[in-house]
Amino acid sequence: MKLVKIGYGSNSKTRHLLPNGFLKFAVSNAKEIDLLLMQNRKYAAEIAHNVSVRKRKEIVERANQLNVRVINGNAKARTEQNE
């Protein structure tokens, strides 16, 4: 049986970084955006998959007020416009 080699891990400084240099922070409602107020240059909000379109609009609006980046801000909004 082959053993895992130490060389296959990611660098610990860049382990969970996105290509844009931010770390993900899962958000389910607009109040959770307030947690990123002081960390808006380090973390980017990612809206959970089970959030409705109406709540997504509220989250994106609040994120724009606080200057917080949202990774998937227009995810379900596009499918609503297509239908």
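- For the residue pair A26 and E32, the shortest heavy atom distance occurs at O-OE1, 3.7 Å.
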Report all side-chain donor-acceptor pairs from residues 59-69 shorter than 3.5 Å, counting only partners two or more places apart or in another chain.
residue	atom	partner	partner atom	Å
R62	NE	D34	OD1	3.2
R62	NH1	Q65	OE1	3.0
R62	NH2	D34	OD1	3.0
N64	ND2	V60	O	3.4

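- Going from atom CD1 of I47 over to atom CD1 of I71 covers 10.0 Å, rounded to the nearest 0.5 Å.
- Annotation: the span from N29 atom CG to E58 atom CD amounts to 9.5 Å, rounded to 0.5 Å.
- Rounding to the nearest 0.5 angstrom, the gap separating the CZ atom in F25 from the CG atom in L35 is 5.0 Å.
- Pairs passing the salt bridge (charged side-chain N to carboxylate O under 4.0 Å, His left out) check and including a residue from residues 14-27, sequence neighbours excluded, read K24-E46.
- What you find for S28 and V51 is that their closest heavy atoms are O-CG2, 3.7 Å.
- For L23, the side-chain contact (heavy atoms from CB on, under 4.5 Å) test picks out H16, L17, K42, Y43, with sequence neighbours left out.
- How far CG of N72 is from NE2 of H49: 11.5 Å, rounded to the nearest 0.5 Å.
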